[in-house]
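The structure's right below; bear with me while I get my questions together.
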Amino acid sequence: MKDKVTIHTLKRFKQIGQKICMVTAYDATFAHILDQAGADVLLVGDSLGMVVQGHDSTLPVTMDQMVYHSKAVTRGARRAHVVGDLPFMSYQVSPQEAVRNAGRLVSEGGVGSVKLEGGAEFAETVRAITRASIPVMGHLGLTPQSVHKMGGYVVQGRDEDQARKILDDALALEQAGAYALVLEGVPLELARTITQSLTIPTIGIGAGVDCDGQVLVCYDLLGMNPDFKPKFVKRYANLHGSITEAAGAFFSEVRKGAFPDEDHSFKSSKNIRLVAGSPTPTRAELPATTTAEGGEKIGPVYGVPV
């Protein structure tokens, strides 16, 4: 395994011009696959509210849910740095509450840092969390938790006043101690200026190629939702088609009686004579393990080897 990625690794990547690869993950299986594929950063995003839970925004996601998914992702990651989103209203009330919730993501969820949305108005919150020795990643531009304030998922920073505000916010977050910054849904020219103005890495999503790294939602880059087609997403696979085809083949074989066949069934090691109407043994009366033909052991939990 390559060396574990830390916040210091990411800063060094910016210094030497090595692009940072970040992607979302919400469970241990995806985390393991993406980690092995070479992800530098795995983001346990509150985007799970939309892609996992089926909501139309990230706003319903709770702290308990973020802790749960963070635990799963950190179990699957080995090399990648894991950052967890602070969900809506987990940090906006007070810096003290923000520190408490950030601490939960680290101590219970196992993440290496936390991410929050917002600019200079949350500088003191960033300072408070970093004083508690918890690294903070900022998030500017199109901030999904502010969807109602923005009037929808709209590109930010297209006029001069708005662009100046985002640049000032970026500088304020760096000054407050943020170790990195996500720039979402901003013009590439603005992202370039911000990236050149900061000593901390910028990670873009819909922000052009000049950011120090890029992030996409894993479900988007894998093509799992054919109806979601934003301009900034490039599909690197068509898992929606692959999964549909595989599941359809399974359903077809089940309906035809072709699955399971003999190769996918167990056989007794000796002839067993059962009398119709004999009582079925209770779970307590069953042996702890059953030995299948060839000595294969199947544990008390179906399918788990022992």
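Remember, predicted model here, so these are calculated numbers, not experimental data. Keep in mind that the numbers below use all heavy atoms, side chains included, and drop hydrogens, waters and symmetry copies. Numbers here are sequence positions counted from 1.
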**OP:** Using a strict cut-off of less than 4.0 Å between a Lys/Arg side-chain nitrogen and an Asp/Glu carboxylate oxygen, indicate whether Asp212 and Lys14 qualify as a salt bridge.
**Re:**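 Here Asp212 pairs with Lys14 in a salt bridge, since their nearest N and O are under 4.0 Å apart.
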Original post:
Does the side chain of Asp261 pick up a donor-acceptor pair with the side chain of His264 at under 3.5 Å?
Top reply: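 Yes, side-chain donor-acceptor contact under 3.5 Å.
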Original post:
Is it the case that more than 12 heavy atoms not belonging to Glu253 sit under 6.0 Å from its CD atom?
Top reply: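 Yes - once you tally the heavy atoms of other residues, nucleotides and ligands closer than 6.0 Å, there are more than 12.
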**OP:** May I ask you to decide if the ring planes of His81 and Tyr179 are parallel, tilted or perpendicular, using 30° and 60° as cut-offs?
**Re:**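 Rings of His81 and Tyr179: perpendicular, over 60°.
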Original post:
Aromatic rings Phe30 and Tyr219: how do their planes relate, parallel, tilted or perpendicular, breaks at 30° and 60°?
Top reply: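 Answer is tilted, since the angle falls between 30° and 60°.
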**OP:** First locate atom CD of Glu108, then atom OG of Ser70, and finally report the distance between them rounded to the nearest 0.5 Å.
**Re:**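 The CD atom of Glu108 sits 10.0 Å away from the OG atom of Ser70.
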Original post:
Are Lys234 and Asp220 close enough for a salt bridge, meaning some N to O gap below 4.0 Å?
Top reply: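 Here Lys234 does not pair with Asp220 in a salt bridge, since their nearest N and O are not under 4.0 Å apart.
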Original post:
Quick one: are Pro87 and Met63 in side-chain contact, heavy atoms under 4.5 Å?
Top reply: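 Pro87 vs Met63: side chains touch.
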**OP:** Check whether the side chains of Ser146 and Glu117 place a donor and an acceptor atom closer than 3.5 Å, and report yes or no.
**Re:**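 The answer is no; no qualifying pair exists.
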Subject >> Between Gln53 and Gln65, a side-chain donor and acceptor under 3.5 Å >> reply: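 There is such a pair (donor and acceptor under 3.5 Å, judged by atom type) between the side chains of Gln53 and Gln65.
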**OP:** May I ask you to decide whether Lys165 forms a salt bridge with Asp169, counting only side-chain N to carboxylate O separations under 4.0 Å?
**Re:**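 The answer is yes: the pair qualifies as a salt bridge.
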Original post:
Is there a donor-acceptor contact under 3.5 Å linking the side chains of Gln92 and Gln145?
Top reply: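 Short answer, yes.
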Subject >> Val61-Val93 co-clustered via ILVMFWY side chain contacts under 4.5 Å >> reply: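 The answer is no; the residues belong to distinct hydrophobic clusters.
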